[in-house]
Amino acid sequence: MALLNILRYPDPRLHKVAAPVTEFDAGLRTLIADMADTMYDAPGVGLAASQVDVHKQLVVIDITETKDHLQVFINPQITWASEEKQVYDEGCLSVPGVYDGVERPSRVKVKAQDADGKFFELEADGLLSVCIQHEMDHLQGKVFVEYLSPLKRNRIKARMVKENRGIEREAALKAAGRRY
């Protein structure tokens, strides 16, 4: 399988709204496998297709320590969310090295499709609930830093722009065959 390039905040493509998946074919299964490999390699516990510049409603999640329980959510919809909220320190593969508290419903019910297009429902709490909500935000073009204060968000954005310039400079030097 292939490792995919993860878009980094504040890349404008992260704000694109994902379209529903309509074809459940070999191409979709390859994308799921590549996303899983990318997520595990990063390492992370969740990845939305939007983060790898594929704007389809597809999320992969694995919150286990052993990384052997991949969950796939296609065209996910939250059908219920608890009134009870929780603050969870969130991070994101598109915003590496940044963690901050985000308040979300503590439990959710989600309806989605699997890789074969079969519908299923799942009730989640704890880390799984947070991951589902976080990754579904990506499908709507929203990054978790948008829940933070404008001051924090602007500081994170400035830091990421600076880091991204450094990464681009290193890649250009490497492509030109220069040492850095």
Is it possible for you to say whether [X] and [Y] belong to one hydrophobic cluster, with membership spreading through side-chain heavy-atom contacts below 4.5 Å?
X    : Y    : value
V161 : V98  : no
I61  : L122 : yes
I132 : V102 : no
V130 : F144 : no
V108 : I74  : no

| Below 4.0 angstrom, N of the basic side chain to O of the carboxylate: do D62 and K67 qualify? | no
| query | Ion pair present between D137 and R104, side-chain N to carboxylate O less than 4.0 angstrom? | reply | yes
Tell me, yes or no, whether the heavy-atom count around [X] atom [atom1], taken from other residues, nucleotides or ligands under 6.0 Å, exceeds 12.
X    : atom1 : answer
K157 : NZ    : no
R169 : CZ    : no
K142 : NZ    : yes

Are the side chain of [X] and the backbone of [Y] linked by a donor-acceptor contact shorter than 3.5 Å?
X    : Y    : result
N75  : V21  : yes
N154 : P150 : yes
T38  : L3   : no
S50  : L14  : no

State the [atom1]-[atom2] distance between [X] and [Y], to the nearest 0.5 angstrom.
X    : Y    : atom1 : atom2 : answer
E121 : T79  : CD    : OG1   : 5.5 Å
Y147 : K152 : OH    : NZ    : 15.5 Å
H138 : L47  : NE2   : CG    : 8.0 Å
Q51  : L93  : CD    : CG    : 6.0 Å
L128 : Q71  : CG    : CD    : 5.0 Å
D68  : T64  : CG    : OG1   : 4.5 Å

| request: Step by step, work out the side-chain contact (heavy atoms from CB on, under 4.5 Å) result for I78 and Q133. | output: CA-CA 8 Å; I78 292 177; Q133 294 173 76; 3.9 Å; yes
Quick one: does [X]'s side chain get under 4.5 Å of [Y]'s, heavy atoms only?
X    : Y    : answer
H69  : I63  : no
C92  : H134 : yes
L58  : M35  : yes
K16  : Q140 : no
Q113 : V72  : no
L148 : I156 : yes
P105 : E84  : no
R107 : E123 : yes

| message | For a side-chain contact (heavy atoms from CB on, under 4.5 Å) check, start with the C-alpha distance between V95 and V145, then their side-chain angles and the critical distance, and finish with the verdict. | response | CA-CA 8 Å; V95 195; V145 296; 4.2 Å; yes
| query | Between K111 and F120, is NZ or CZ placed under 6.0 angstrom from the six-membered ring centre and within 45° of the ring axis? | reply | no
Do you know which two heavy atoms are closest between [X] and [Y], and how far apart they sit?
X    : Y    : result
A115 : I32  : CB-CD1, 3.7 Å
D89  : G101 : OD1-N, 3.1 Å
L7   : R13  : CD2-NH2, 3.2 Å
S129 : A124 : CB-O, 3.6 Å
A42  : I6   : CB-CD1, 4.3 Å

| From CA spacing to verdict: side-chain contact (heavy atoms from CB on, under 4.5 Å), D114, F73 | CA-CA 6 Å; D114 65 16; F73 299 85; over 6 Å; no
| Between M160, H15, R153, which is the residue that forms a side chain to side chain contact (heavy atoms under 4.5 Å, CB included) with P10? | M160
| request: Evaluate salt bridge (Lys or Arg N to Asp or Glu O under 4.0 Å) for K118 paired with D116, printing each intermediate quantity in order. | output: CA-CA 6 Å; K118 272 183 41 182; D116 297 317; over 6 Å; no
| Verdict with reasoning, Y9 to N164, per side-chain contact (heavy atoms from CB on, under 4.5 Å) | CA-CA 9 Å; Y9 182 78; N164 292 346; over 6 Å; no
